[in-house]
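All remarks here apply to the structure that follows.
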There are 2 protein chains.
Amino acid sequence: MTLAHHVPPLHAPDLETALEVLRKKGLRVSASRRLVLEALYADRRPRTAEQIANGTDVASVYRNLDTLEELGLVRHVHLGHGPGLYSLDEYEFVSCDGCGAYEAIEPHRLDEARAAIQKAIGYHARFTHFPIVGLCEYCHAHP
Amino acid sequence: MTLAHHVPPLHAPDLETALEVLRKKGLRVSASRRLVLEALYADRRPRTAEQIANGTDVASVYRNLDTLEELGLVRHVHLGHGPGLYSLDEYEFVSCDGCGAYEAIEPHRLDEARAAIQKAIGYHARFTHFPIVGLCEYCHAHP
DNA sequence: TCGCAATTGCGATCGACTTGCAATTAGACT
DNA sequence: AGTCTAATTGCAAGTCGATCGCAATTGCGA
């Protein structure tokens with residue numbers, strides 16, 4: 001499972017603003033909390049809790065990811081059967097059943113598809129927790 | 001997490017044909033294999049391995065589900081963080097982030113949405129392993 | 001600088017599978 | 001019908017990702 005591509009332009013509260021959100025909720029900006037956020041902001045790719053922990057205690061990392069998720073600063077996506085991947089609240093995801101590659105998609109690119117889904121079944125879809133799964137053009141053409 | 005709705009018309013090889021597929025591959029139709037298939041055919045709703053095992057050994061059930069999955073007779077979907085749900089290869093799924101309900105959708109109903117996705121990102125999407133996640137009309141209207 | 005609730009670190013625990021292996025058995029071949 | 005043998009089972013133990021209990025620590029407001 002590899003990340004195929006280019007990294008598209010982003011748009012999310014910067015690190016300082018995120019820390020401010022924590023403080024405003026009466027939550028502490030502890031060293032480990034700051035490290036979790038810094039890891040996510042450093043390289044804005046989705047990563048596992050294990051990778052974020054990077055040798056330190058994962059339990060705390062999971063707890064911090066949970067609270068950050070409740071604040072809407074962080075999300076996680078399941079791309080397959082492995083561990084969930086945590087990232088800033090920026091993209092939707094698509095992954096290929098054939099080659100295992102996945103891509104982060106800017107939400108506006110899926111707006112027409114979202115409209116078609118709404119028309120078909122009435123749901124307002126979001127591919128943030130589970131990706132769109134399918135065959136990429138290459139795998140579809142070379143079965 | 002409840003199953004909201006009506007059960008739509010189906011189309012999948014009947015039990016006898018499925019057993020025939022097994023035999024043709026040189027695989028045995030053992031008692032427990034037959035029980036797994038019967039459970040799936042009896043009430044064609046997705047169910048957990050635990051439910052299929054129904055008190056008997058789950059390891060065998062998982063092994064049998066795996067082999068049936070390799071033969072294309074069975075699939076499993078992840079609707080959330082719980083255990084996967086196994087079912088015949090018939091529907092796609094949609095689940096509501098708000099109320100937790102999920103629906104089995106006849107594939108043809110999603111064909112336009114699939115086309116829109118293909119146009120947007122080039123993927124031929126299938127919502128069989130991960131559902132479309134979003135807000136149902138009710139939850140979207142009552143936030 | 002104190003006080004103390006929020007947070008951490010560690011180990012234990014959980015849930016969902018998965019695996020190793022000896023005992024069982026479906027089904028082909030007499 | 002009986003034999004042979006590889007496929008399959010049942011059970012226990014193991015793995016992996018995530019969560020929990022709890023004593024020790026630490027942000028941070030007073």
Side-chain angles (χ1 to χ4, degrees), chain A residues 1 15-16 18-40 46-71 73-87 129-131, chain B residues 1 15-16 18-40 46-71 73-87 129-131:
Chain A
M1 194 145 41
L15 180 52
E16 269 318 312
L19 296 180
E20 206 45 49
V21 172
L22 278 174
R23 290 199 195 90
K24 240 161 216 156
K25 286 276 174 183
L27 297 169
R28 294 181 183 171
V29 178
S30 65
S32 105
R33 198 111 85 193
R34 169 175 264 115
L35 280 171
V36 167
L37 276 172
E38 278 171 1
L40 292 170
R47 37 172 31 71
T48 65
E50 204 80 46
Q51 291 171 332
I52 293 168
N54 187 225
T56 74
D57 180 42
V58 284
S60 290
V61 169
Y62 275 113
R63 277 184 297 227
N64 282 328
L65 288 170
D66 280 356
T67 67
L68 293 170
E69 213 157 357
E70 270 155 34
L71 298 180
L73 296 170
V74 164
R75 283 194 286 84
H76 73 269
V77 62
H78 299 276
L79 294 177
H81 283 166
L85 300 181
Y86 292 79
S87 65
H129 185 70
F130 290 136
Chain B
M1 195 149 35
L15 181 52
E16 268 319 312
L19 295 179
E20 207 43 51
V21 172
L22 278 173
R23 289 198 195 88
K24 241 163 215 156
K25 287 274 174 181
L27 298 169
R28 294 179 184 172
V29 177
S30 65
S32 105
R33 197 109 86 192
R34 169 177 263 114
L35 280 171
V36 167
L37 276 171
E38 278 170 1
L40 293 169
R47 32 166 43 63
T48 65
E50 204 79 46
Q51 291 171 333
I52 293 169
N54 188 224
T56 73
D57 180 41
V58 282
S60 292
V61 170
Y62 275 113
R63 276 183 297 228
N64 282 328
L65 287 170
D66 281 355
T67 68
L68 292 171
E69 213 157 356
E70 271 156 34
L71 297 180
L73 296 171
V74 164
R75 283 193 288 85
H76 73 270
V77 61
H78 298 277
L79 293 178
H81 284 167
L85 300 181
Y86 292 80
S87 65
H129 185 70
F130 290 134

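Residue numbering restarts at 1 for every chain, and letters A, B, ... go by the order of the sequence lines. Both backbone and side-chain heavy atoms feed into the values below; hydrogens, waters and symmetry mates do not.
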State, with a plain yes or no, whether a side-chain heavy atom of L40(A) is found less than 4.5 Å away from one of L65(A).
yes

Heavy-atom side-chain contact between L27(B) and L71(B) under 4.5 Å:
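When only atoms from C-beta onward are counted, L71(B) and L27(B) do touch, with a gap below 4.5 Å.
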
Calculate the interatomic distance between [X] atom [atom1] and [N] atom [atom2]; express it in whole Å.
X: R63(A); N: dC10(C); atom1: CZ; atom2: P; result: 11 Å
X: D57(A); N: dC20(D); atom1: CG; atom2: P; result: 14 Å
X: I52(A); N: dA18(D); atom1: CD1; atom2: P; result: 11 Å
X: L35(B); N: dT25(C); atom1: CG; atom2: C1'; result: 15 Å
X: L79(B); N: dA16(C); atom1: CG; atom2: C1'; result: 15 Å
X: R34(B); N: dT25(C); atom1: CZ; atom2: P; result: 16 Å
X: D66(A); N: dG17(D); atom1: CG; atom2: P; result: 17 Å
X: L22(A); N: dA6(C); atom1: CG; atom2: P; result: 14 Å

Applying salt bridge (charged side-chain N to carboxylate O under 4.0 Å, His left out), which residue pairs with at least one partner in residues 51-62 of chain A are found, sequence neighbours left out?
none

Polar atom pairs (N or O), protein with nucleotides 25-29 of chain D, under 3.5 Å:
from, atom 1, to, atom 2, distance (Å)
dT26(D), O2, R28(A), NH1, 3.1
dG27(D), N2, R28(A), NH2, 2.6
dG27(D), N3, R28(A), NH1, 3.4
dG27(D), N3, R28(A), NH2, 3.2
dC28(D), OP1, V29(A), N, 2.9

Which part of the nucleic acid, if any, lies within contact of [X], taking any heavy atom under 4.0 Å across all strands shown: a base, the sugar-phosphate backbone alone, or nothing?
X: S32(B); result: sugar-phosphate
X: A49(A); result: nothing
X: G26(B); result: nothing

Of all the choices, dC21(C), dA18(D), dC17(C), which nucleotide is nearest to the side chain of P83(A) once you look at every atom?
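Among dC21(C), dA18(D), dC17(C), the one nearest the side chain of P83(A) is dA18(D).
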
Of the candidate nucleotides dA18(D), dC11(D), dG11(C), which contains the atom at the shortest distance from the side chain of A59(A)?
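My answer, after comparing the listed nucleotides, is dG11(C).
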
So that I know where these two stand, are H129(A) and H81(B) an aromatic pair - ring centroids less than 6.0 Å apart?
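Aromatic pair counts; centres sit under 6.0 Å.
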
By nearest heavy atom, map N64(A) and G84(B) onto DNA chain C; which one lands nearer the 5' end?
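Per heavy-atom nearest nucleotide, the more 5' residue is N64(A).
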
Taking the inter-plane angle between the rings of Y86(A) and H76(A) on a 0 to 90° scale, is it parallel (under 30°), tilted (30 to 60°) or perpendicular (over 60°)?
tilted

Among D66(B), L35(B), I52(B), exactly one meets side-chain contact (heavy atoms from CB on, under 4.5 Å) together with V61(B). Which residue is that?
I52(B)

Does Y62(B) make a side-chain N or O approach to OP1 or OP2 of dC17(C) shorter than 4.0 Å?
yes

Just verifying a value: how many Å separate L79(B) CG and L85(B) CG, rounded to the nearest 0.5 Å?
5.0 Å

